[in-house]
Amino acid sequence: MSKRYWLMKTEPDVFSIDDLERNKTTLWEGVRNYQARNYMMKDMQVGDEVLFYHSNAKPPGLAGFATVSKLAVADPLQFDKKSKYYDKKATKEKPIWHCVEVQFKKKFERYISLEEIKAQKNLASMLVIKKGMRLSIQPVEEKDYKEILSIGLRPHAEK
DNA sequence: GCCAACGTTGGC
DNA sequence: GCCAACGTTGGC
């Protein structure tokens, strides 16, 4: 299967691009939405590339990029009674929630705010700018991914 | 903190 | 299987 591109949202107060840079990899735990889960379970392949989105941030936007480093496994938090992501319907034999492992690639030279994405005509098809789009994991078109990277990796001086 | 836009739950 | 009530997301 050819490589796919994704956007994954996280609240930087909880887990930011700097946390990912420090940890190198992370299990993308805590997704409790079936559509987002299905993307991780069924569609994500090792090597797929991921835009790292800071939601509930000031301002919200894209902070860097990463890659899928492991296929989906059962999300351990669904078995953890103390976790807010605990799910009493899940069992080890029949886990409900799955998550991939994501590996840090690079923090953008230039943070790309949501406002800036909205202003770019050639990024108009990106799902993240659509009104009411709450899905925390979204597919991204290759052309949009490449465009975002070229903006994000451009040195400040070239502005 | 507000609230629109969704997703989920549960009564019927 | 409908749909009202409720919960959550996330920009503003």
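In what follows, chains are A, B, ... by sequence order, proteins preceding strands, each numbered from 1. These numbers come from the heavy atoms of this one structure, side chains and all, not from hydrogens, waters or symmetry mates. These numbers come from a predicted model, not from an experiment.
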| said: Reading DNA chain B from 5' to 3', where do the contacts with chain A start and stop? Cut-off is 4.0 Å to heavy atoms. | reply: dA5(B) to dT8(B)
| field | Short N-O contact, Lys106(A) and Glu109(A), less than 4.0 angstrom | value | yes
| request: Would you confirm whether Tyr111(A), through its side chain, and Gly61(A), through its main-chain N or O, come within 3.5 Å as a donor-acceptor pair? | output: yes
| note | Here the gap from Thr67(A) atom OG1 to Glu49(A) atom CD, rounded to the nearest 0.5 Å, amounts to 5.5 Å
| request: Report which part of the nucleic acid Lys118(A) touches: base, sugar-phosphate, or nothing (heavy-atom distance under 4.0 Å, all strands). | output: sugar-phosphate
| task | Can you label the angle between the Tyr5(A) ring and the Tyr145(A) ring as parallel, tilted or perpendicular, going by 30° and 60°? | result | tilted
| message | Between Ser136(A) and Asn33(A), do the side chains contain a donor N or O and an acceptor N or O under 3.5 Å apart? | response | no
| query | Considering only heavy atoms, which members of residues 121-136 of chain A lie under 4.0 Å from some atom of DNA chain B? | reply | Lys131(A), Gly132(A), Arg134(A)
| task | Determine, for Arg110(A) against Glu116(A), whether the closest basic-nitrogen to carboxylate-oxygen distance falls under 4.0 angstrom. | result | yes
| Do Asp18(A) and Lys107(A) sit within salt-bridge range, that is, some charged N less than 4.0 Å from a carboxylate O? | yes
| Pair Lys146(A) + Glu142(A): basic N to acidic O under 4.0 Å | yes
| note | The residue, Lys89(A) or Asn56(A), whose nearest nucleotide of DNA chain B is more 5′ is Asn56(A)
